Amino acid sequence: MYTAKIYVTYKPSIVDPQGEVIQAALQRMNYQGITSVTQGKYFEVNLAAPNVAAAKNEVADFTDALLINQNTETYRFELVSNDDEVQS
Amino acid sequence: MYTAKIYVTYKPSIVDPQGEVIQAALQRMNYQGITSVTQGKYFEVNLAAPNVAAAKNEVADFTDALLINQNTETYRFELVSNDDEVQS
Amino acid sequence: MKAAVITFPGSNCDLDLFHALADLNFEPTVVSAQTTDLSNYDAIFLPGGFSYGDYLRSGAIARFAPVMAAVSQAAADGKIVVGICNGFQILTEAGLLPGQLFGNAQPGFICDEVDLLIDNPETAYTNAYNDSRIKIPIAHGEGNYYVDSATLAQMEANHQIIFRYADNPNGSVADIAGITNLAGNVFGMMPHPERAVDAITGNTAGQPFFKSILQTLSMAVGRK
Amino acid sequence: MTTSGLKELTPQQIHDSKLYLEWGLTEKEYQLIVTELDRLPNFTETGIFSGMWSEHVSYKKSKAVLRKFWSQNERVLQGPGEGAGILDIGDHQAVVFKAESHNHPSFVEPYEGAATGVGGILRDIFSMGAQPIAVLDSLWFGELDNAHTKHLVDGIVAGIAGYGNAIGIPTVGGEIAFDDVYAGNPLVNVMAVGLMDQATMQVGQAKGVGNAIIYVGAKTGRDGMNGASFASAEFSSQEKADRAAVQVGDPFLEKLVMDTTLTAIRDYADIIVGIQDMGAAGLLSSSAEMADKAGMGIELNLDLVPQREAGMIPYELMLSESQERMLLVVKAGQEDKILELFRQNNLDAQVIGTVTDNGRYVLNFQDKVVADLPLRFLTHPLEPKLTAQKPKRLEYLTKNQYQPDVSDLKSTIKKLIGQATIASKASLFRHFDSMVRADTVIKPGGDASLVRIRGTKKALAMTTDVNGRYLYLDPKKGGQMAVAEAARNIVATGALPIGITDCLNFGSPDNPEVYYELEQAVAGINSMAKRLNTPVISGNVSLYNETDGQPIYPTPMIGMVGLLADVAQALTIGFKNSGDRIYLIGTTKDSFNGAEIQKMQTGKIEGQLFDFNAEDELAVQKLVMQANQAGYLASAHDLAEGGLAVALLEASFTGHLGFKIQTQSPTKYLFSETAGRFLVTVPARCQSDFEALAGKQAQYLGTVVDGDDLALVTSEETVHLSRAELQKIYQESITWQLKD
Ligand SMILES: Nc1ncnc2c1ncn2[C@@H]1O[C@H](COP(=O)(O)OP(=O)(O)O)[C@@H](O)[C@H]1O
Ligand SMILES: [Mg+2]
């Protein structure tokens, strides 16, 4: 069993209206030093796979296919297996 | 300058309807080994702060105040400063 | 009766609410979210819409708008504070009402008319209703009411649940559509009674909602 | 922060590498530019020409056809040429409307493509000084039998909902149809309607030397780079679409821009000279068109443009299609009032240039002149002469009408009612907020939608219609029929049709057969528009709708608006009371080529399109209006796809009542799609008055009854159907098809 932790963010050239509104709100709340905020998504997916390589492939596969919008988003992920962390 | 990477998830007792919908979709798409999906939020906040401790305090502060709903969500964060990573 | 309708950047049912209140004999004023003093008003209304785009979580950013301190003050003073749709979401985020509104169980925005059951007919929001089942429009993507079971039990015991869905459209706990705080003066609901006050648009089932409030306020004034 | 990946080639390099061809300019156009300028255009200038001379911005290939539109009558306050058209509706009020296509962006990125389509059309409306009051959307997809189409449906519907719901303008109507020809090229057309006091009318003109050009709204980023020339090129499924063209919408920001712009127009009418939204080709086309319409010049300082990304070059700043931006021309010396108003509402506002009188389009950037072009030349590209040729498929069409197989009437009806094009679209349009603003009298699900005008007795009816299959068999007659159907839908609400906007969705005009279709369709639209006294006051052209050389059906969407003097007279489609008399108005003929039943039973659309008689159509519409004004009608529903069978069922589903009818005609006529027909019901007490008025135009069919039974008697047979059973199929069919 593996746990994939998947971090999705907008591509750099895509507007992130949410981030801008949150930043403005933080500034109004007097957090003055904040220079940028972006909001993305974070998924935790538990999956069974025969080995790390297969798990990685599967995660990349379904993330591309479903979890992100390839036109506007990118992602990175980590894979955790029995307390071993594998960076992707 | 610091970058805070903030991961927000639902508290374990909260059902995550979106996660369930995604899991069902993945199963229909024939990703059979998936046993659970949860969707959370991921923020990257750039901020100026005099030192790590101050930055940590500020991040905890505004995350509690704005970024999460304390009734239903929890978070963890990492702070990155000039390529040094500081775990919280 | 002087009613304030608070307009946040992104509110879009403010004028609908204003017209409904005016048609039903309130003296409404649309008040900006920058306002810091609401002491002139007998009742405060938070309208539907997408305050601050509803980015982050619906209502999360609006609860920090300047006007919210005055809203909390009004609530503490025992004035009637009503949140409809996004207004309800703001009141929960602000902690003036228990619980939170999540995304609909089946994700996506729904615009429809649904049947509501009046759970507590003796409140400032329901006392003018003759029927216990009414049809009211809904229009929301995040109307799935959640509250933990301990709080829910208290709310049930205190009769804080005012409206329930006859056929739950969004996954809300205990079919909850509208609630009050413990004191009964702060109220929130996802459905839109202000869209149901005019026969020409096909539904008048929202009228008694506003009449109830007006009646309650007049009695309170009479008692003073 | 990213910096530009674009390298600015020198004029000579552009010349030698022929970069201009890649950007959509032809060899001939490039040579013309060189001759006119008497030098080689630089990188920025070449980009400017490619944007301004794209079909999407210049309409160079469709202009000749568009000029033929009839667009003048006593109501017209503003015809084509501005952001939107305007019609007088009395009491110093006016209605403003326009439609726009977002086909290509929605194919590449369904959610954002559709969302920004809504945002764009709304800017067209409020830039005229009108408060938007309603949105309609017309969507054409491939058949619902593949995952990609389902993905497009979900994304596009969610995108329209996401933007329209958040900005708080109700989506009150539209249409959704399915056919394989749209599989690789779905159509997303959005129409918006606004209301204004005539006193606040604005146009997009840059008049008055020295007046300030003010930029307001979102910052400029690299979104939708070159979207305009992208929309003017054919798709090839081989080539991965250009992902840089993705624009992201922010309805929250647009609501602020909308409200603030309308406030500015109300409070500062005396100092605002012109307003235009930034649409296709962004800052470039809005500034050039405003100056050109006023016969002036313009000079901009690009360093002053609010920017979201670092290192943007002039080419990018000018061609970016970042959303939620507007351009205002304000009287010299008065700029501060406007700047302050926008800034108070947390919006960027910046003076970026001035109006000049030298007729030049001049851009400065980092202390250099980066473009200096003759404006009139820039805004008037060559209009290539296109040839039209009657398509081969139209040469040998059989006159014979298809004869439906009705041997099993019950199952034919069951199957028909579940066809994606016929079945209820409620499971899709329920995602749209159709009630916000609390003025919606007739919501989606009727013939046309109806929005009341608060403070008056008036209401506005609106609809979008076209049947591409008819145009495929006969572009001219099909064009006439699209207008006729739109008007029929308006009339079915009790309103008087008053004007038209359109979206001309066609394949490549360089193909003579497609150009023929375009010419003929417009001729058909025009002839019917004149007869109905409904001028064409605005519109949009979307060409190159083909995939791998396979064009879509010619699909000129007609958006029509009607005026109802007294909203109390509004009519809806549902049966009202048991005992009401049911009539069919109009004549039914053998009309099956191009009909839904032909498609369902043969999988094809073929043969000569059935006849259309404009006189009959007008007479029938007039009768329905008269009967309604006299108070004789309880309900009215126009007949369209699926014919009488479908109309009867829809009227019974919506009214929750059954019917008992008998016709002298053969069974097949239940499915005929002859135009110019209505299904109406009349209370028993009005029966004789109605029959006296209608004479032979109306045929008595039977009565409305309580209960579940639907009884149908034709000259050949009697069937009994269960309303509940059919209604379930009708309502759930789309959901089922989307699921599996
Ligand atoms: N995309 C849509 N958005 C909103 N309403 C829609 C949409 N598609 C269809 N509708 C509504 O469904 C009803 C039936 O549409 P349609 O079958 O095209 O009507 P008609 O044949 O009378 O033109 C209309 O009220 C229309 O407004
Ligand atoms: Mg119709």
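Since this is a predicted model, take the numbers as computed values, not measurements. So that the names make sense, note that chain A is the first sequence line, chain B the second, and so on, each numbered from 1. Only this structure's heavy atoms are used, side chains among them; waters, hydrogens and symmetry mates stay out.
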Asks: To check you understand the geometry: which heavy-atom pair defines the closest contact between D:N628 and D:G494, and what is its length?
Replies: ND2-CA, 3.5 Å

Asks: Evaluate C:D42 against C:K2 for salt bridge (Lys or Arg N to Asp or Glu O under 4.0 Å), listing each step before the verdict.
Replies: CA-CA 5 Å; C:D42 305 302; C:K2 289 206 165 116; over 6 Å; no

Asks: Taking C:G103's backbone N and O only, do any of them form a donor-acceptor pair with C:N144's side chain (distance below 3.5 Å, no angle check)?
Replies: yes

Asks: Quick check for you: among D:A438, D:A161, D:A426, which has the greatest number of heavy-atom pairs under 4.5 Å with chain C?
Replies: D:A438

Asks: Mark yes when over 12 heavy atoms from residues, nucleotides or ligands other than D:K219 sit less than 6.0 Å from its NZ; otherwise mark no.
Replies: no

Asks: Applying side-chain contact (heavy atoms from CB on, under 4.5 Å) between D:Y163 and each of D:V118, D:V135, D:T171, report the one that passes.
Replies: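 Among the candidates, only D:V118 passes.
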
Asks: Applying side-chain hydrogen bond (donor to acceptor under 3.5 Å, both in side chains), which residue pairs with at least one partner in residues 161-178 of chain C are found, sequence neighbours left out?
Replies: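 Counting only pairs at least two positions apart or across chains, the side-chain hydrogen bond (donor to acceptor under 3.5 Å, both in side chains) contacts touching residues 161-178 of chain C are C:D119-C:R164, C:H140-C:N170, C:E156-C:R164, C:Y165-C:N170, C:N168-C:D175, C:N170-C:S172.
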
Asks: Please state whether the side chain, the backbone, both or neither of D:D250 comes within less than 4.5 Å of a heavy atom of chain C.
Replies: both

Asks: Going by the salt bridge (Lys or Arg N to Asp or Glu O under 4.0 Å) test, which pairs reach into residues 92-104 of chain C, not counting sequence neighbours?
Replies: C:R57-C:E93

Asks: Please check if the number of heavy atoms outside C:Q215 that lie under 6.0 Å from its CD is greater than 12.
Replies: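 Above 12, so yes.
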
Asks: Checking D:A158 against chain C: side chain, backbone, both or neither under 4.5 Å from a heavy atom?
Replies: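 Nothing of D:A158, per the 4.5 Å heavy-atom cut-off to chain C.
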
Asks: Does the gap between the ring centers of C:F50 and D:F252 come in under 6.0 Å?
Replies: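 That pair fails the under 6.0 Å test.
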
Asks: Where is the tightest heavy-atom contact between D:R123 and D:R325, given as atom of each residue plus distance?
Replies: CD-O, 3.9 Å

Asks: Who wins among D:D259, D:N346, D:D433 for the most heavy-atom pairs under 4.5 Å with chain C?
Replies: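 Of D:D259, D:N346, D:D433, D:D433 has the most heavy-atom pairs under 4.5 Å with chain C.
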
Asks: D:I169 versus chain C, heavy atoms under 4.5 Å apart: side chain, backbone, both or neither?
Replies: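 Contact with chain C involves no heavy atom of D:I169 at all.
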
Asks: Which of parallel (below 30°), tilted (30 to 60°) and perpendicular (above 60°) describes C:F187 and C:F163?
Replies: perpendicular

Asks: Can you list the residues of residues 196-213 of chain C that sit under 4.5 Å from chain D, counting heavy atoms only?
Replies: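 Residues C:D198, C:I200, C:T201 are the ones that qualify, each having a heavy atom under 4.5 Å from chain D.
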
Asks: What are the residues of residues 16-35 of chain C, in order of number, with any heavy atom under 4.5 angstrom from a heavy atom of chain D?
Replies: C:D16, C:H19, C:D23

Asks: Which bit of D:R452 is near chain C, if near means a heavy-atom gap under 4.5 Å: side chain, backbone, both or neither?
Replies: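 Interface part for D:R452: side chain.
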
Asks: Quick one: closest heavy-atom pair of C:I90 and C:G59, and the distance?
Replies: CG1-CA, 3.7 Å

Asks: I need the minimum non-hydrogen distance between C:A94 and C:M68, along with the two atoms involved.
Replies: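 Closest pair (atom of C:A94, atom of C:M68, distance): CB-CE, 3.8 Å.
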
Asks: Using non-hydrogen atoms and a 4.5 Å limit, figure out which bit of C:Y55 sits close to chain D: side chain, backbone, both or neither.
Replies: side chain

Asks: Please give me the minimum heavy-atom distance between D:A349 and D:F342, naming the atom from each residue.
Replies: CB-CB, 3.7 Å

Asks: Sort D:T440 into side chain, backbone, both or neither according to what part of it lies under 4.5 angstrom from a heavy atom of chain C.
Replies: backbone

Asks: Which one of D:V567, D:L450, D:L256 has the most heavy-atom pairs closer than 4.5 Å to chain C?
Replies: D:V567

